[in-house]
Asker: 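Sharing a structure below in structure tokens format, with a few things to ask.
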Amino acid sequence: PNVFGNGLTISGKNIFDEDNPFVKKMELTLSNNSEGLIKISDVDIGKFQISGENYKGNIILKDIVCEDVNIRSLANYSNLQFVNLQPLSEASKLSIVDSHLEKVTFVNSQLHNFKTYNIMHSNFSLIKSANTKWFTYEQLHENIEHLNKMLAGNPTKGTREVVVEHKEI
């Protein structure tokens, strides 16, 4: 089992250097046996992917600057926090696909600054956030128009069209 009894901490904080270290790729694949504290902080990441099932883990991602955030096939029923998540560049991507994000918390995150969004088949109804700027409906709509053009121009991808429903809460 993936038990992190005393925790797992990855920190890029260096008192001698102001820049965070750069990690090309980081993947967290969780299982229903994953438990304990996993804390990743002060790291710039090229591609970050999290997937699997989090029933007992306490996962904190703090002060992460990332080019490509990929939340894919994630079922989260425990604590998962993104604190101060920022895009690495003007071309950064955020993808949330086939995920159930119950008990996910975003704090001080700038999601609206990501350039490309891929949000599909995911449940956001129980997300908590504080001081987080979310992507706008217009930003999502622009990305959907771009995706529909790509699908229409590539017969191997099919001819389906992606649509977003906008509901004020």
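Just so it is clear, the model here is predicted, and its values are computed rather than measured.
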Asker: Just how far is it from atom CD of Q86 to atom CG of N113, taken to the nearest 0.5 Å?
Answerer: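 The CD atom of Q86 sits 7.0 Å away from the CG atom of N113.
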Asker: Can you tell me if S122 uses its side chain to pair, donor with acceptor, with the backbone of D98 under 3.5 Å?
Answerer: yes
Asker: How far does CZ of F114 sit from CD of E67, to the nearest 0.5 angstrom?
Answerer: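 One gets 9.0 Å once the value is rounded to the nearest 0.5 Å.
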Asker: Going by the angle between their ring planes, with limits at 30° and 60°, are Y77 and Y55 parallel, tilted or perpendicular?
Answerer: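 Ring orientation, 0 to 90° scale: parallel.
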Asker: Do S109 side-chain atoms and L85 backbone N/O form a donor-acceptor pair below 3.5 Å?
Answerer: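 Yes, the answer is positive, given that a donor and an acceptor are paired below the 3.5 Å cut-off.
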Asker: Check for me, please, whether L126 and F124 land in the same ILVMFWY cluster - side-chain distances under 4.5 Å, paths through other members count.
Answerer: no
Asker: Of all the heavy-atom pairs spanning D42 and S11, show the shortest one and how long it is.
Answerer: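 Taking every non-hydrogen atom into account, OD2-OG, 4.0 Å.
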Asker: Can you find a side-chain donor-acceptor pair between H100 and N123 that sits under 3.5 Å?
Answerer: yes
Asker: Can you name the nearest heavy-atom pair linking N54 to N76, along with the distance?
Answerer: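 Of all heavy-atom pairs spanning N54 and N76, the closest is ND2-OD1, 2.8 Å.
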Asker: Answer yes if L111 and L88 sit in the same cluster of Ile, Leu, Val, Met, Phe, Trp and Tyr residues linked by side chain heavy atoms under 4.5 Å apart, and no otherwise.
Answerer: no
Asker: Looking at every non-hydrogen atom in both residues, tell me the closest pair between E90 and K115 and how far apart they are.
Answerer: O-CB, 3.0 Å
Asker: Quick check: do L30 and L74 have side-chain heavy atoms less than 4.5 Å from each other?
Answerer: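 Of all side-chain heavy-atom pairs linking L74 with L30, at least one is under 4.5 Å.
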Asker: For I60 versus N79, what's the shortest heavy-atom pair and its separation?
Answerer: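 Of all heavy-atom pairs spanning I60 and N79, the closest is CG1-ND2, 4.4 Å.
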Asker: Between N108 and N131, is any side-chain donor less than 3.5 angstrom from a side-chain acceptor?
Answerer: yes
Asker: Of N70, V23, L61, I71, which meets side chain to side chain contact (heavy atoms under 4.5 Å, CB included) against F48?
Answerer: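 Filter result, single survivor: L61.
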Asker: Give, for atom CD1 of I38 and atom CD1 of I40, the distance between the pair rounded to the nearest 0.5 Å.
Answerer: 7.0 Å
Asker: So F82 and T132, do their side chains get closer than 4.5 Å, heavy atoms only?
Answerer: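 Side-chain contact under 4.5 Å: no.
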Asker: With a 3.5 Å distance limit and no angle check, can you tell me whether S78 reaches the backbone of G57 through a side-chain donor-acceptor pair?
Answerer: yes
Asker: With rounding to the nearest 0.5 Å, note down the distance linking NZ in K39 to CD1 in I10.
Answerer: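 One finds 12.5 Å between NZ of K39 and CD1 of I10.
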Asker: Under a 4.5 Å side-chain heavy-atom rule over Ile, Leu, Val, Met, Phe, Trp and Tyr, are V65 and I59 clustered together?
Answerer: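 Shared cluster, no.
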Asker: What is the distance from atom CG of L80 to atom OG1 of T105, rounded to the nearest 0.5 Å?
Answerer: 8.0 Å
Asker: Can you get from W134 to V83 by hopping between Ile, Leu, Val, Met, Phe, Trp and Tyr side chains that sit under 4.5 Å apart?
Answerer: no
Asker: Does M26 share a hydrophobic cluster with F22, counting links as ILVMFWY side-chain heavy atoms below 4.5 Å and allowing steps through other members?
Answerer: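 Different hydrophobic clusters.
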Asker: I need the Q49 CD to K25 NZ distance, nearest 0.5 Å.
Answerer: 7.0 Å
Asker: For a quick test of reading the model, state the closest non-hydrogen atom pair linking S99 to R72 and the distance between them.
Answerer: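 Result for this residue pair: OG-C, 3.8 Å.
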Asker: If you compare all heavy atoms of S92 against all heavy atoms of C66, which two are closest, and at what distance to 0.1 Å?
Answerer: OG-O, 3.4 Å
